[in-house]
Visitor: 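Dropping a structure here in structure tokens format, bear with me for questions.
Note that this is a predicted model, so its numbers are computed, not measured.
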Amino acid sequence: MFSFQSINKYHSFLKENVDGCTIAVDHYLKEIEKKKHLHSFLEVFAEEAILRAKELDEKRKLGKPLGRLHGVVVGIKDVICYKGHVVSAGSKILENFKSIYNATVVEKLLQEDAIIIGRQNCDEFAMGSSNENSAYGVVRNAIDESRVPGGSSGGSAVSVQAGLTMISLGSDTGGSVRQPADFCGVVGLKPSYGRISRYGLIAYASSFDQIGIFSKTVEDAALCLEVVSGVDDFDSTVSEKPVPAYASELKIAPRKYKIAYFRQALEHPGLDPEMKATITQLINQLKLDGHTVDPIEFDLLNHIVPTYYVLTTAEASSNLSRFDAVRFGYRAPLVNSDLNDMYKASRSAGFGKEVQRRIMLGTFVLSAGYFDAYFTKAQQVRRILLNKSIEVFAQYEAIISPTVPSTAFKIGEKSDDQVAMFLADIYTVFANLVGIPAISIPLFTHSNSLPFGLQIMTNHFEETALLQLSDRLMN
Ligand code: GLN
């Protein structure tokens with residue numbers, strides 16, 4: 001029986017097993033089939049994965065040099081382009097649309113010998129917090145199938161949670177990796193803006209989007225980050241900072257950290273009282289262990305969700321204008337109509353309700369009469385938030401908080417209450433607004449038996465400290 005604990009242990013297993021990759025792929029294909037009802041995958045690349053596993057087993061037999069993710073079975077969110085494969089962004093408008101090139105992350109995964117086993121379900125164009133906005137149906141949380149897995153990268157989170165892949169890639173514009181990781185009890189890492197190339201990632205809000213990683217352990221996330229990060233000729237927003245050896249840098253002698261938390265975040269009335277008590281207890285324990293943990297004032301907390309939704313919808317309305325039924329995807333069947341009718345009919349039928357709502361909201365905040373009142377104002381708040389983060393990180397190495405104010409909710413419970421759904425992003429959007437790295441680590445279980453995580457944020461490009469502290473807290 002194959003069982004997966006970490007990439008490192010899997011690599012030791014491969015040393016003993018000449019057919020190890022084939023055994024692993026076989027195992028995952030069976031598990032995916034068994035847990036099909038969770039709807040984590042939109043498509044499984046079964047035949048290809050089997051072939052690739054055989055090739056990799058052969059490569060080991062021949063004693064060739066092996067990639068850092070040799071034989072690692074990975075799933076990718078349905079917003080990441082993989083040449084010759086469908087990429088639909090969970091949307092009807094891109095149904096059957098095949099990518100003609102590889103995203104840079106896909107290139108890098110393949111170069112390091114990973115096996116991409118399938119494409120994973122998500123909220124349409126990564127807009128959502130519950131995976132209920134996918135045009136192809138909801139994803140179920142494997143811990144309690146009547147509950148949502150979180151979103152928008154719900155399929156990718158469930159895949160790691162339910163043991164359907166070793167790791168998976170999602171995208172995080174305002175929490176879409178960390179929030180489902182929290183709801184599913186796995187690690188979810190969103191790196192700094194500019195750490196990983198966005199080339200081949202279908203854009204939602206380009207100044208916020210980052211590809212992120214789901215894994216069982218911090219070490220696996222660190223190794224994957226090391227592989228997929230770094231400069232790229234196809235994305236000028238990627239930083240030229242060298243990529244540290246994140247995984248090996250985890251092995252350092254324990255040290256004391258200077259940690260802050262936003263007082264208003266912990267005292268927020270929307271936060272589940274038991275979660276508040278658990279995190280307060282953790283803070284006390286950290287202090288007893290000799291770390292510095294201080295409350296800091298953050299009176300802008302209630303402004304960050306509106307700021308996020310003004311700016312991201314503005315960017316989305318512009319990004320999604322390319323789906324015009326001429327260059328991409330679905331075109332409504334129409335006779336005797338003019339071009340405008342064709343646009344309208346195709347976009348109305350091709351985009352789901354939430355995407356339409358955001359395109360309209362974004363168009364509104366960018367429109368001539370309202371631009372200064374909404375878009376410019378929100379940009380100013382974004383700058384103030386950045387100043388706040390600079391101020392905090394001048395004194396502290398990390399900020400901790402809950403990842404989400406509640407545990408996973410029931411499917412259908414919040415789908416009619418958009419404001420409640422938006423407020424669930426209160427702790428996660430800060431990191432995207434200012435571009436810093438953030439992670440959710442599965443430290444806790446609620447008395448309702450559901451998991452919840454701790455969010456940790458560090459300064460720009462301080463992924464090493466982020467991963468070190470996370471690893472320390474998880475072990
Ligand atoms: N829930 C947030 C939203 O709907 C986050 C989405 C994301 O990170 N892609 O915008």
Visitor: Show the numbers, then the answer: is there a side-chain contact (heavy atoms from CB on, under 4.5 Å) between Q161 and I143?
Guide: CA-CA 9 Å; Q161 174 196 38; I143 292 176; 3.2 Å; yes
Visitor: Find the distance between CG (L169) and CD1 (I80) and round it off to the nearest 0.5 Å.
Guide: 5.0 Å
Visitor: Determine whether more than 12 heavy atoms belonging to other residues, nucleotides or ligands lie under 6.0 Å from atom CZ of F328.
Guide: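 More than 12 heavy atoms, drawn from other residues, nucleotides or ligands, come within 6.0 Å of this atom.
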Visitor: Within a radius of less than 6.0 Å around CG of L339, do more than 12 heavy atoms belonging to other residues, nucleotides or ligands occur?
Guide: yes
Visitor: Do you know which two heavy atoms are closest between L266 and I279, and how far apart they sit?
Guide: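 Minimum heavy-atom separation between L266 and I279: CD1-CG2, 3.9 Å.
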Visitor: Any side-chain heavy atom of D182 sitting closer than 4.5 Å to one from T428?
Guide: no
Visitor: Supply the atom-to-atom distance S389 OG to F298 CZ, rounded to the nearest 0.5 angstrom.
Guide: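 So the gap between those two atoms works out to 9.5 Å.
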Visitor: Tell me, please, which residues at least two apart from E112 pass salt bridge (Lys or Arg N to Asp or Glu O under 4.0 Å).
Guide: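 Listed in chain order: R68.
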Visitor: Testing the 3.5 Å rule here: is there a donor-acceptor pair between the side chains of E124 and S134?
Guide: no
Visitor: Taking side chain as C-beta onward, heavy atoms only, is V355 less than 4.5 Å from L320?
Guide: yes
Visitor: For residues 326-335, which residue pairs qualify under side chain to side chain donor-acceptor pair (under 3.5 Å), counting only residues two or more places apart or in two chains?
Guide: D324-R327
Visitor: Using the ring centroid of each side chain, check whether F452 and F183 are separated by less than 6.0 Å.
Guide: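 Centroid separation for F452 and F183: 6.0 Å or greater.
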Visitor: Between Y193 and F461, is the ring centre distance below 6.0 Å?
Guide: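 No - the distance between ring centres of Y193 and F461 does not fall below the 6.0 Å cut-off.
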Visitor: Quick one: do L38 and E145 satisfy side-chain contact (heavy atoms from CB on, under 4.5 Å)? Show the steps, please.
Guide: CA-CA 8 Å; L38 297 174; E145 294 175 12; 3.8 Å; yes
Visitor: Please check if the side chain of D220 supplies one atom and the backbone of I7 the other of a donor-acceptor pair under 3.5 Å.
Guide: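 Checked: pair present.
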Visitor: Which value, rounded to the nearest 0.5 Å, describes the distance between L467 atom CG and M474 atom CE?
Guide: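 It comes to 11.5 Å.
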Visitor: Considering only heavy atoms from C-beta outward, does the side chain of T376 approach that of F371 to under 4.5 Å?
Guide: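 Yes. Closest side-chain heavy atoms under 4.5 Å.
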Visitor: Applying side-chain hydrogen bond (donor to acceptor under 3.5 Å, both in side chains) between K77 and each of S168, S156, S153, report the one that passes.
Guide: S153
Visitor: Before you tell me yes or no, could you show the steps for V44 and L29 under side-chain contact (heavy atoms from CB on, under 4.5 Å), namely the whole-Å CA-CA distance, both residues' side-chain angles and the distance that decides it to 0.1 Å?
Guide: CA-CA 8 Å; V44 183; L29 290 175; 3.6 Å; yes
Visitor: With a 4.5 Å heavy-atom cut-off, do M166 and K216 have their side chains touching?
Guide: no
Visitor: Locate the shortest heavy-atom distance separating D78 from L42; write the atom from each residue and the value.
Guide: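 Minimum heavy-atom separation between D78 and L42: OD2-CD1, 3.3 Å.
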Visitor: Considering all heavy atoms of both residues, which atom of G188 and which atom of F214 are nearest to each other, and what is their separation?
Guide: CA-CD2, 4.5 Å
Visitor: Around atom CZ of F444, are there more than 12 heavy atoms of other residues, nucleotides or ligands at under 6.0 Å?
Guide: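 Buried by this count: over 12 neighbours within 6.0 Å.
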Visitor: Please determine whether side-chain contact (heavy atoms from CB on, under 4.5 Å) holds for the pair V86 and E43, giving the CA-CA distance in whole Å, both sets of side-chain angles, and the decisive distance to 0.1 Å.
Guide: CA-CA 9 Å; V86 170; E43 189 182 351; 3.9 Å; yes
Visitor: Closest heavy-atom contact between Y427 and Q455?
Guide: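 In this case the closest contact between Y427 and Q455 is O-NE2, 2.8 Å.
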Visitor: Which distance, rounded to the nearest 0.5 Å, do you find between the CG of L271 and the OG of S406?
Guide: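 It is 9.0 Å, given to the nearest 0.5 Å.
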Visitor: For E48, is there an ion pair with R52 - N to carboxylate O distance below 4.0 angstrom?
Guide: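 Between E48 and R52 there is no salt bridge, as every charged N stays at least 4.0 Å from the carboxylate O atoms.
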Visitor: Donor-acceptor pair, E226 side chain versus Y246 backbone, under 3.5 Å?
Guide: yes
Visitor: Without swapping roles, check the side chain of N319 against the backbone of Y204 for a donor-acceptor pair under 3.5 Å.
Guide: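 Side chain of N319 to backbone of Y204, a donor-acceptor pair under 3.5 Å: yes, one is there.
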Visitor: Go through the structure and list residues passing ring-ring contact (aromatic ring centres under 6.0 Å, His included) with F41, not counting sequence neighbours.
Guide: none
Visitor: When the ring centroid of Y257 is compared with that of Y396, is the distance short of 6.0 Å?
Guide: no
Visitor: Examine the side chains of T458 and E463 and answer whether a donor and an acceptor come within less than 3.5 Å of each other.
Guide: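 Judged by distance alone, the side chains do not pair up.
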Visitor: Measure the shortest side-chain to side-chain distance between T403 and L454 over non-hydrogen atoms and say whether it is less than 4.5 angstrom.
Guide: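 Not in contact.
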Visitor: Between D123 (side chain) and A126 (backbone), is there a donor-acceptor pair under 3.5 Å?
Guide: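 Not confirmed, D123 side chain does not pair with A126 backbone.
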Visitor: Going from CG on N131 to CG on N141, what distance comes out if it is rounded to the nearest 0.5 angstrom?
Guide: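 Result: 10.5 Å between the selected atoms.
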Visitor: Could you check if a side-chain atom of L311 sits within less than 4.5 angstrom of a side-chain atom of Q379, using non-hydrogen atoms only?
Guide: yes
Visitor: Looking at L225 and S229, what are the two nearest heavy atoms and their distance?
Guide: O-OG, 2.7 Å
Visitor: Can you name the closest pair of heavy atoms from L250 and D471 and give their distance?
Guide: CD2-CB, 4.1 Å
Visitor: Does one side chain, of S317 or R358, offer a donor that lies under 3.5 Å from an acceptor on the other?
Guide: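 Distance-only check fails for S317 and R358.
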Visitor: Tell me yes or no: between the side chains of D235 and T104, is some donor less than 3.5 Å from an acceptor?
Guide: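 There is no such pair between these side chains.
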Visitor: Cut-off 3.5 Å, side chains only: do E315 and S206 have a donor facing an acceptor?
Guide: no
Visitor: Have S130 and E132 got a donor and an acceptor in their side chains that come within less than 3.5 Å?
Guide: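 Present: a donor and an acceptor within the cut-off.
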Visitor: Should S88 and R119 count as side-chain neighbours, where that means a heavy-atom distance under 4.5 Å?
Guide: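 Yes, side chains in contact.
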Visitor: Evaluate the side-chain proximity of P442 to V187: yes if any heavy-atom separation is below 4.5 Å, no if none is.
Guide: yes
Visitor: Looking only at side chains, do S197 and D232 share a donor and an acceptor under 3.5 Å apart?
Guide: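 Short answer, yes.
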Visitor: Can I get a per-line list of side-chain donor-acceptor pairs under 3.5 Å for residues 429-436, giving both atom names and the distance, sequence neighbours left out?
Guide:
residue : atom : partner : partner atom : Å
N432    : OD1  : R178    : NH2          : 2.6
N432    : ND2  : D172    : O            : 3.1
N432    : ND2  : D172    : OD1          : 3.1
N432    : ND2  : T173    : O            : 2.9

Visitor: Please, which pairs that meet salt bridge (Lys or Arg N to Asp or Glu O under 4.0 Å) have at least one residue in residues 386-414, sequence neighbours excluded?
Guide: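 For residues 386-414: R255-E397, K388-E391.
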Visitor: Check the angle between the aromatic planes of Y309 and F422 and answer parallel, tilted or perpendicular using the 30° and 60° thresholds.
Guide: parallel
Visitor: Taking the side chain from N459 and the backbone from E462, do they hold a donor-acceptor pair closer than 3.5 Å?
Guide: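 Side chain of N459 to backbone of E462: no pair is present.
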Visitor: Identify, with sequence neighbours excluded, every residue that meets ring-ring contact (aromatic ring centres under 6.0 Å, His included) alongside H39.
Guide: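 For H39 there are no ring-ring contact (aromatic ring centres under 6.0 Å, His included) partners, ignoring immediate neighbours.
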Visitor: Answer with yes or no whether the side chains of Q264 and E297 bring together a donor and an acceptor at under 3.5 Å.
Guide: yes
Visitor: Mind telling me whether Y82 and H85 have parallel, tilted or perpendicular rings, with 30° and 60° as the class edges?
Guide: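 H85 and Y82: parallel rings.
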Visitor: Could you tell me the separation between the CZ atom of R382 and the CG atom of L385, rounded to the nearest 0.5 Å?
Guide: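 One finds 9.5 Å between CZ of R382 and CG of L385.
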Visitor: Would one find more than 12 heavy atoms of other residues, nucleotides or ligands at under 6.0 Å from atom CG of D233?
Guide: no
